[in-house]
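The shown structure was predicted, so the numbers you read here are calculated from the model rather than taken from an experiment.
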Amino acid sequence: MTKTIGTDRQYGRVRQAALRGVTGLRRSWLLVLLAALLVALSVPAALLVAPGFLGPEAPAPAPPAPAWQQAPATLSARPGLATLDPSADVPARAAVTAQLDPLLKADGGGTFTALVQDALTGEVLFDRGGSEGRVPASNMKLLTAVAALRSLGPGHRFSTTVVAGPVPGQVVLVGGGDVLLGPGESNPERAMGRAGLASLAAGTVEALKADGAAGELKVLVDDSLFSGPALNPAWDSGDVAAGEVAPLFPLALNSARYDPAVTTGARPQDSAMAAAEEFAARLRTAGAAAGLTVAAAVERSPQPAGAGAAAARAAATAAPGEDSSEPRLLAEVQSATVAEQVDVMLQDSDNYLAEALGRLTALADGLPGSNDGATAAVRAQISAAGLATDALKLVDVCGLAMGNQVSARQFTEAVRAITSGTDPRLRAALDGFPVAGLTGTLDTRYGGDATAGGAGLVRAKTGTLNTVLALSGYVVDADGRLLVFSFIGNGLTPGAAGNKEALDRAATALAGCGCR
């Protein structure tokens with residue numbers, strides 16, 4: 001028994017030692033596994049954390065920017081057509097004559113005179129009665145354009161102003177020659193409406209508020225800038241009734257049209273009063289919030305309100321207490337430039353605008369702002385530009401009168417002066433020439449088979465009266481030579497379709513001419 005018990009105790013001790021070894025071994029394996037797990041987790045964590053201590057990697061060098069993204073080393077060439085080559089072949093006179101003679105035939109009664117010149121040299125390439133005086137119709141506006149650009153300058157603007165009236169509570173709208181006023185806000189992007197009566201009214205209210213004005217205002221209008229008859233007695237009453245022109249005043253809305261988009265039919269017979277009434281309505285709206293009311297009736301100022309915007313501006317800047325004979329300037333808006341107005345006149349063949357520019361030219365030259373002053377000023381400026389005035393007869397400056405007499409040569413010389421003469425001021429008229437088949441009074445022409453070749457190439461001023469058709473302008477021929485031309489038909493059969501076609505076919509022939 002004793003042995004057995006001792007043996008069992010010994011066995012127990014051995015067993016307990018074995019169990020302790022197994023337990024220790026298990027603990028060791030667990031520690032090993034835990035350590036391995038910690039190592040496995042620590043590697044990605046270290047990779048995530050390391051950049052915060054080490055900083056970002058150096059960026060890879062960027063590829064060079066494409067050429068179109070790089071700063072230019074030189075200026076780009078100015079866009080536009082290439083300069084004409086002065087050595088281009090000049091058409092032969094005999095060849096041009098052979099092209100044009102068969103085309104310039106009247107449909108019914110009447111005859112055509114014509115002249116074609118090389119613009120650079122002045123060499124005459126075709127002459128059929130080119131020095132004869134003819135009724136020019138609206139080709140007359142080419143001479144008016146030359147005169148206005150020379151006398152006034154392409155960048156000149158006309159001011160429409162509001163000044164304090166002679167009696168407290170009165171304001172005077174002073175016409176400064178802008179007949180392209182718009183009724184709304186001034187729009188600097190347009191020639192028609194560049195100066196707006198709503199803007200003028202708003203400026204007037206601001207000035208009156210600063211003065212502490214209150215109560216009722218009365219609007220007067222000063223249209224004394226122009227003088228003489230408002231209607232030229234040489235104009236046919238039927239043309240006036242049809243809306244070809246209207247009585248002339250030194251301020252008008254939409255070139256004396258009720259709607260600028262409607263260029264036919266009835267027109268205001270007193271454009272100054274019509275503009276003043278529109279201004280009063282705009283002033284009434286603008287002044288309501290300031291406690292100002294405006295009397296319904298608009299009257300003419302009993303005397304000129306002043307010597308114009310410049311004098312009024314000087315009076316407005318006079319020191320307090322300083323006596324000034326000029327009324328105080330309250331507000332002012334300025335027209336489109338003379339160059340922009342010439343463009344409108346030529347593109348749309350606007351008779352009213354032409355007559356206004358003629359009178360403004362006369363005033364700039366120290367002559368009366370009348371029809372007689374306008375014709376005298378245009379004649380003098382044409383002469384000063386180096387154009388012959390022999391047999392030149394001017395009865396108006398828009399071409400509506402049948403008493404005008406101008407030769408085809410005088411028109412080609414005017415176009416030469418505009419396109420290639422020595423006076424850079426005249427270049428401003430180039431944009432005004434209608435483009436065949438595209439713009440202005442030529443937009444619906446040059447669509448037929450016989451004239452389509454001239455579309456986009458012929459640039460010319462049109463002229464149309466009952467028995468008169470004219471076309472004067474310029475074209476670059478097939479050899480790259482700049483040619484100027486004038487075709488004038490008088491005594492034509494009214495309404496005969498072949499006459500306008502004859503002019504357009506002749507101009508198209510010049511555009512395609514490689515005439516040697």
Quiz item: How many angstroms lie between CG in Leu492 and CG in Leu465, if you round to the nearest 0.5 Å?
Solution: 10.5 Å
Self-check item: Minimum-distance pair of heavy atoms, taken over all atoms of Ser151 and Ala364
Solution: OG-CB, 3.5 Å
Quiz item: Who pairs with Phe433 by ring pair (Phe, Tyr, Trp, His ring centres under 6.0 Å), at least two apart in sequence or on another chain?
Solution: Tyr474
Quiz item: Do Asp365 and Gln381 have side-chain atoms, one donor and one acceptor, less than 3.5 Å apart?
Solution: yes
Quiz item: Are Ser407 and Glu132 linked by a side-chain donor-acceptor pair shorter than 3.5 Å?
Solution: no
Quiz prompt | Counterpart residues, side-chain contact (heavy atoms from CB on, under 4.5 Å), relative to Thr121 (two or more places apart) | solution = Asp118, Glu123, Arg481
Quiz item: Taking only residues at least two apart or on different chains, which pairs with a member in residues 486-516 satisfy ring pair (Phe, Tyr, Trp, His ring centres under 6.0 Å)?
Solution: Phe485-Phe487
Quiz item: Are Ser349 and Ser138 close enough that a side-chain donor and a side-chain acceptor fall under 3.5 Å?
Solution: yes
Quiz prompt | Inter-residue atom distance Asp348.CG - Leu353.CG, 0.5 Å rounding | solution = 9.0 Å
Quiz item: Quick one: does Ile418's side chain get under 4.5 Å of Arg427's, heavy atoms only?
Solution: no
Exercise. May I ask you to check whether Lys141 and Thr144 show a side-chain donor-acceptor distance below 3.5 Å?
Key: no
Self-check item: disulfide (SG to SG under 2.5 Å) partners of Cys398, counting only residues at least two apart
Solution: none
Quiz prompt | Working for side chain to side chain contact (heavy atoms under 4.5 Å, CB included), residues Arg409 and Asp127 | solution = CA-CA 9 Å; Arg409 180 183 289 275; Asp127 186 354; 4.1 Å; yes
Quiz prompt | Option from Val172, Val162, Thr161, Val163 for which side-chain contact (heavy atoms from CB on, under 4.5 Å) with Leu330 holds | solution = Val162
Self-check item: Straight-line distance of Phe411 CZ to Asn139 CG, nearest 0.5 Å
Solution: 5.0 Å
Practice problem: Evaluate side chain to side chain donor-acceptor pair (under 3.5 Å) for Ser370 paired with Asp372, printing each intermediate quantity in order. | Solution: CA-CA 5 Å; Ser370 63; Asp372 289 345; 5.4 Å; no
Quiz item: Are Leu200 and Phe279 close enough, and set up right, to give a side chain to side chain contact (heavy atoms under 4.5 Å, CB included), and what steps lead you there?
Solution: CA-CA 8 Å; Leu200 187 61; Phe279 171 73; 3.9 Å; yes
Self-check item: Summary of salt bridge (charged side-chain N to carboxylate O under 4.0 Å, His left out) pairs that have at least one residue in residues 245-270, sequence neighbours excluded
Solution: Asp270-Arg300
Self-check item: Considering all heavy atoms, the nearest Gly454-Thr508 contact
Solution: N-CG2, 3.4 Å
Practice problem: Provide the closest heavy-atom pair for Ala119 versus Val484 in the form atom of the first, atom of the second, distance. | Solution: CB-CG1, 4.0 Å
Quiz item: Restricting to pairs with a member in residues 483-516, which pass disulfide (SG to SG under 2.5 Å), not counting sequence neighbours?
Solution: Cys513-Cys515
Quiz item: Can you list the steps and then say if Thr111 with Arg134 is a side chain to side chain donor-acceptor pair (under 3.5 Å)?
Solution: CA-CA 11 Å; Thr111 58; Arg134 307 282 275 183; 3.1 Å; yes
Quiz item: Listed by chain and number, what are the salt bridge (Lys or Arg N to Asp or Glu O under 4.0 Å) partners of Arg505, not counting sequence neighbours?
Solution: none
Quiz item: Just how far is it from atom CG of Asp350 to atom OG1 of Thr441, taken to the nearest 0.5 Å?
Solution: 11.5 Å
Exercise. Tell me, please, which residues at least two apart from Pro183 pass side-chain contact (heavy atoms from CB on, under 4.5 Å).
Key: Leu253, Asn254, Glu278, Arg282
Self-check item: Any side-chain heavy-atom pair of Leu510 and Leu100 under 4.5 Å
Solution: yes
Exercise. Taking atom types as modelled, find out whether Thr464 and Lys500 have a side-chain donor-acceptor pair closer than 3.5 angstrom.
Key: no
Quiz prompt | salt bridge (Lys or Arg N to Asp or Glu O under 4.0 Å) partners of Asp479, counting only residues at least two apart | solution = Arg516
Quiz item: Tell me, which pairs form a side-chain hydrogen bond (donor to acceptor under 3.5 Å, both in side chains) where one or both residues lie in residues 96-107, sequence neighbours left out?
Solution: Asp101-Arg128
Quiz item: Side-chain donor-acceptor pair under 3.5 Å between Ser87 and Asp85, yes or no?
Solution: yes
Quiz prompt | Within residues 345-386 or reaching into it, pairs that qualify as ring pair (Phe, Tyr, Trp, His ring centres under 6.0 Å) - sequence neighbours excluded | solution = none
Exercise. Evaluate the side-chain proximity of Pro91 to Leu483: yes if any heavy-atom separation is below 4.5 Å, no if none is.
Key: yes
Quiz prompt | Sequence neighbours excluded - ring pair (Phe, Tyr, Trp, His ring centres under 6.0 Å) pairs with any residue from residues 127-163 | solution = His156-Phe158
Quiz prompt | Stepwise side chain to side chain donor-acceptor pair (under 3.5 Å) check, Asn371 with Asp396 | solution = CA-CA 7 Å; Asn371 179 72; Asp396 67 12; over 6 Å; no
Exercise. Write down the atom of Pro247, the atom of Pro268, and the distance for their closest heavy-atom approach.
Key: CD-O, 4.4 Å
Quiz item: Side chains of Val415 and Gln117: closer than 4.5 Å at any heavy-atom pair?
Solution: no
